[in-house]
Every structure is written in structure tokens, then in C-alpha cells.
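Heads up, the thing below is written out as C-alpha cells.
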Amino acid sequence: MEDLFLKLIDACGPPPARPEGEDPVEIDPRAHPGHRPVDGGPHGVALEKAVLSLPRDGNLVLECAGDEQCYAQVWHRPDGTYQLEYRDRAPAEHYRTRTVSAEKVVAALQGWTAGGAGWRDAFQWESIGSWFTDV
């Protein structure tokens, strides 16, 4: 009976760590090669506190050490909503969104500091890069 059980286990095998055929880079690719926030910028709990303590009309900017044209920022608008923006290495790659959720802003900025791209999925982004390239 034990042999039969072990053969069954071997036949089934352990479940794959990720869906077959999916590359982890495709699941959550790096923002860009060399992406990392500047040293000394808030991250983790400090980043959460920085966002949650933003006064109305206050802002927070996170810069990328790998490229000065890369950053993420949030503005706590006077109406109490949050305007979240990111720029990915070029004026044409500048996007924004708005939300009432400070928690979603914290999660997005923590994802940005980690260097992935999946953090963007929780929002609908508007390209504002053309404002800077059409002038």
C-alpha cells in the first residue's frame, strides 16, 4: 500500500511554483534596469508614515538613484484626494492618477521603491507626458 501511495505522489508531483510557461519577469518586471530609490529616502513603515502624515496640499517625491528622470510622487490635494504620479526616464513617460485611498497610495509607493511594476495595476493611469513634449 505504501509503494502505491508513493507512486501516486510521484505521478502527481508538487504543484509548480508559478503557472507553467510564465516567466517571473513577465509577472512583475523591474521598472527599468538599475531602478532603486535614492539612499535615505523613506521606505517601509517610514514611507507609510510619510504618506499618512501629509497635510492637505502637501507632497512627497521619491527619486530613483539609477536615473534622475525617474521618480514617483504624491500630492495630497486640498480636496482630500491623492494625486499619484510617476515618470519613467523620459518626459513622454509621465503618468498620473487620483484616489481617495491613502492605503492604495502607500502600497503603490512601496511597490515603486521595491522596483517592480505590478504596483501600477491598482489604478487607471492618464498619460500627461504629452503635455511636456508637445510644447
Side-chain angles (χ1 to χ4, degrees):
M1 182 68 112
E2 186 176 326
D3 289 338
L4 186 57
F5 178 73
L6 291 175
K7 285 181 183 178
L8 180 61
I9 296 288
D10 286 341
C12 295
R18 67 179 81 73
E20 200 169 310
E22 284 193 24
D23 184 356
V25 171
E26 293 174 0
I27 294 171
D28 190 13
R30 300 290 293 173
H32 61 78
H35 175 86
R36 66 180 174 76
V38 294
D39 294 334
H43 62 278
V45 174
L47 177 56
E48 180 179 16
K49 287 180 180 179
V51 170
L52 296 178
S53 66
L54 275 175
R56 289 194 182 198
D57 209 23
N59 68 333
L60 173 66
V61 179
L62 303 175
E63 298 173 335
C64 179
D67 189 320
E68 66 183 27
Q69 297 296 317
C70 173
Y71 60 84
Q73 63 186 4
V74 60
W75 171 32
H76 192 186
R77 298 171 59 96
D79 65 5
T81 62
Y82 294 89
Q83 181 169 310
L84 185 61
E85 297 181 20
Y86 76 95
R87 181 168 159 171
D88 192 10
R89 300 176 291 163
E93 298 297 320
H94 192 169
Y95 303 91
R96 77 172 176 194
T97 192
R98 286 179 65 181
T99 183
V100 296
S101 173
E103 291 77 19
K104 284 178 71 173
V105 170
V106 169
L109 292 177
Q110 287 177 335
W112 184 89
T113 60
W119 59 270
R120 297 180 275 210
D121 298 343
F123 302 97
Q124 293 216 338
W125 296 92
E126 171 189 13
S127 174
I128 58 174
S130 62
W131 295 358
F132 303 104
T133 56
D134 291 343
V135 177

Margin query: Starting from Trp125, can I reach Trp112 by hopping between I/L/V/M/F/W/Y residues whose side chains sit under 4.5 Å apart?
Written below: yes
Margin query: Could you tell me if the side chain of Asp79 sits less than 4.5 Å from the side chain of Arg98, heavy atoms only?
Written below: yes
Margin query: Considering only residues two or more places apart or on different chains, which pairs with a residue in residues 38-57 satisfy ring-ring contact (aromatic ring centres under 6.0 Å, His included)?
Written below: none
Next item on the list: Check whether any side-chain heavy atom of Tyr95 lies under 4.5 Å from a side-chain heavy atom of Arg120, and answer yes or no.
Entry: no
Check: So do Tyr86 and Cys64 actually touch side chain to side chain, heavy atoms under 4.5 Å?
Finding: no
Notebook entry, point to check: Yes or no on side chain to side chain contact (heavy atoms under 4.5 Å, CB included) for Trp119 and Leu109, after CA distance, side-chain angles and deciding distance?
Noted result: CA-CA 8 Å; Trp119 59 270; Leu109 292 177; over 6 Å; no
Checklist line | Joint hydrophobic cluster, Val74 plus Leu62, side-chain heavy atoms closer than 4.5 Å | finding: yes
Next item on the list: Identify which one of Arg96, Glu85, Arg87 satisfies the side-chain hydrogen bond (donor to acceptor under 3.5 Å, both in side chains) criterion when paired with Gln73.
Entry: Glu85
Notebook entry, point to check: Is a side-chain donor or acceptor of Lys104 paired with a backbone partner of Ala122 at a separation under 3.5 angstrom?
Noted result: yes
Next item on the list: Indicate, with yes or no, if Ile128 and Tyr71 share a hydrophobic cluster defined by side-chain heavy-atom contacts under 4.5 Å among Ile, Leu, Val, Met, Phe, Trp and Tyr.
Entry: no
Item checked: Nearest non-hydrogen partners of Ser127 and Ala92, listed with the distance -> OG-O, 4.2 Å
Margin query: Contact between Val51 and Leu60 at the side-chain level, heavy atoms closer than 4.5 Å - yes or no?
Written below: yes
Next item on the list: Check the angle between the aromatic planes of Tyr82 and His76 and answer parallel, tilted or perpendicular using the 30° and 60° thresholds.
Entry: parallel
Next item on the list: Could you tell me whether a side-chain N or O of Thr81 sits under 3.5 Å from a main-chain N or O of Arg77, the two making a donor and an acceptor?
Entry: no
Item checked: Backbone N/O of Gly44 and side chain of Gln110: donor-acceptor pair under 3.5 Å -> yes
